[in-house]
Amino acid sequence: MASKATWRLFSPLSFRQCSSTQEAKKSDFRPPASSTHDWIGPPNPLSNLRPIIYHVPENESELEKRLRHLRQETEDWNHDFWTKQNVTFRKEKDAFIMSQLKTKGLSMRNEQGQRRSLNSEEMAVFYKGFLDKNRTRHANYNKEWYRRNFSITLLMARVTFHNIWRTFTDKHSRRNSPTT
């Protein structure tokens with residue numbers, strides 16, 4: 001049963017989950033030109049992250065453009081990490097299950113043709129081993145994730161202050177300009 005991919009509109013004030021663009025099945029979807037918000041798509045089947053199509057304001061400043069590009073680069077990086085991580089996890093998990101079933105002298109399927117599984121205690125051995133083996137990789141990911149998000153947050157603050165300053169100076173200059 002195939003599910004139809006849907007895109008949801010989120011205003012800039014809405015809560016948004018981080019996501020990225022899809023590499024394997026990149027969508028050709030583009031929001032209408034009249035759209036004034038970011039669009040968030042369905043989860044990518046490999047990374048489990050939702051891609052975001054960022055709104056490009058008509059009069060986007062260089063600072064806003066830098067922010068949008070940094071956010072998109074971070075999403076792409078995040079998508080790549082989780083795609084590789086999830087593919088590796090699934091392959092190693094399947095190999096572990098197969099080896100455990102083989103050790104027990106069991107096939108992958110039972111008499112009814114259903115796929116066999118291991119109990120939670122047996123799977124806990126795999127999960128702990130996988131986490132231990134990837135501890136450094138996850139720690140490096142977390143450091144980079146925090147560094148990138150801190151940079152994005154600082155750039156967002158700069159954009160906000162720039163926009164406030166521009167609004168203030170525009171109002172101030174209109175007030176002081178002579179009327180004709």
Q: Please report the C-alpha distance between Leu118 and Phe96 in whole Å, then the side-chain angles of each, then the deciding distance to 0.1 Å, and finally whether the side chain to side chain contact (heavy atoms under 4.5 Å, CB included) criterion is met.
A: CA-CA 10 Å; Leu118 301 177; Phe96 178 81; 3.8 Å; yes
How about [X] and [Y]: do any of their side-chain heavy atoms sit closer than 4.5 Å?
| X | Y | result |
| --- | --- | --- |
| Ser117 | Ile97 | no |
| Arg71 | Asp38 | yes |
| Lys93 | Met123 | yes |
| Asn78 | Trp145 | yes |
| Gln85 | Phe130 | yes |
| Arg68 | Glu60 | yes |
| Arg137 | Lys84 | yes |
| Arg109 | Arg115 | yes |

What heavy-atom pair brings [X] and [Y] nearest, and what distance separates the two atoms?
| X | Y | value |
| --- | --- | --- |
| Asn59 | Glu64 | O-OE1, 3.9 Å |
| Lys128 | Asp132 | NZ-OD2, 2.6 Å |
| Pro45 | Arg90 | O-NH2, 3.9 Å |
| Gln72 | Ile52 | OE1-O, 3.7 Å |
| Ser107 | Leu101 | O-CD1, 4.0 Å |
| Pro51 | Pro42 | CD-O, 3.1 Å |

Quick check: is [Y] connected to [X] through a chain of hydrophobic side chains (ILVMFWY, heavy atoms under 4.5 Å apart)?
| X | Y | result |
| --- | --- | --- |
| Leu106 | Val125 | yes |
| Phe126 | Met108 | yes |
| Val87 | Tyr127 | no |

Could you tell me the separation between the [atom1] atom of [X] and the [atom2] atom of [Y], rounded to the nearest 0.5 Å?
| X | Y | atom1 | atom2 | result |
| --- | --- | --- | --- | --- |
| Ser151 | Met156 | OG | CE | 12.0 Å |
| Leu131 | Phe89 | CG | CZ | 8.0 Å |
| Arg66 | Ile152 | CZ | CD1 | 12.5 Å |
| Leu67 | Thr160 | CG | OG1 | 8.5 Å |
| Lys133 | Thr88 | NZ | OG1 | 8.0 Å |
| His69 | Asp76 | NE2 | CG | 11.5 Å |

Atom [atom1] of [X]: over 12 foreign heavy atoms under 6.0 Å:
| X | atom1 | answer |
| --- | --- | --- |
| Glu58 | CD | no |
| Phe161 | CZ | no |
| Lys143 | NZ | no |

Q: Before giving the answer on salt bridge (Lys or Arg N to Asp or Glu O under 4.0 Å), spell out for Glu144 and Arg148 the whole-Å C-alpha distance, their side-chain angles and the decisive distance to 0.1 Å.
A: CA-CA 6 Å; Glu144 181 65 12; Arg148 285 174 178 265; 2.9 Å; yes
**Q.** Criterion side chain to side chain contact (heavy atoms under 4.5 Å, CB included) on His138 and Arg135, from CA distance to verdict
**A.** CA-CA 5 Å; His138 289 159; Arg135 174 168 282 136; 6.0 Å; no
Q: Can you label the angle between the Tyr141 ring and the Phe81 ring as parallel, tilted or perpendicular, going by 30° and 60°?
A: parallel
Q. Are Leu46 and Asn86 close enough, and set up right, to give a side chain to side chain contact (heavy atoms under 4.5 Å, CB included), and what steps lead you there?
A. CA-CA 7 Å; Leu46 297 176; Asn86 291 342; 6.0 Å; no
Q. Just by distance, with hydrogens left out, do Asn163 and Arg166 show a side-chain donor and acceptor under 3.5 Å apart?
A.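 Yes, because at least one side-chain N or O of Asn163 sits under 3.5 Å from a partner of the opposite role on Arg166.
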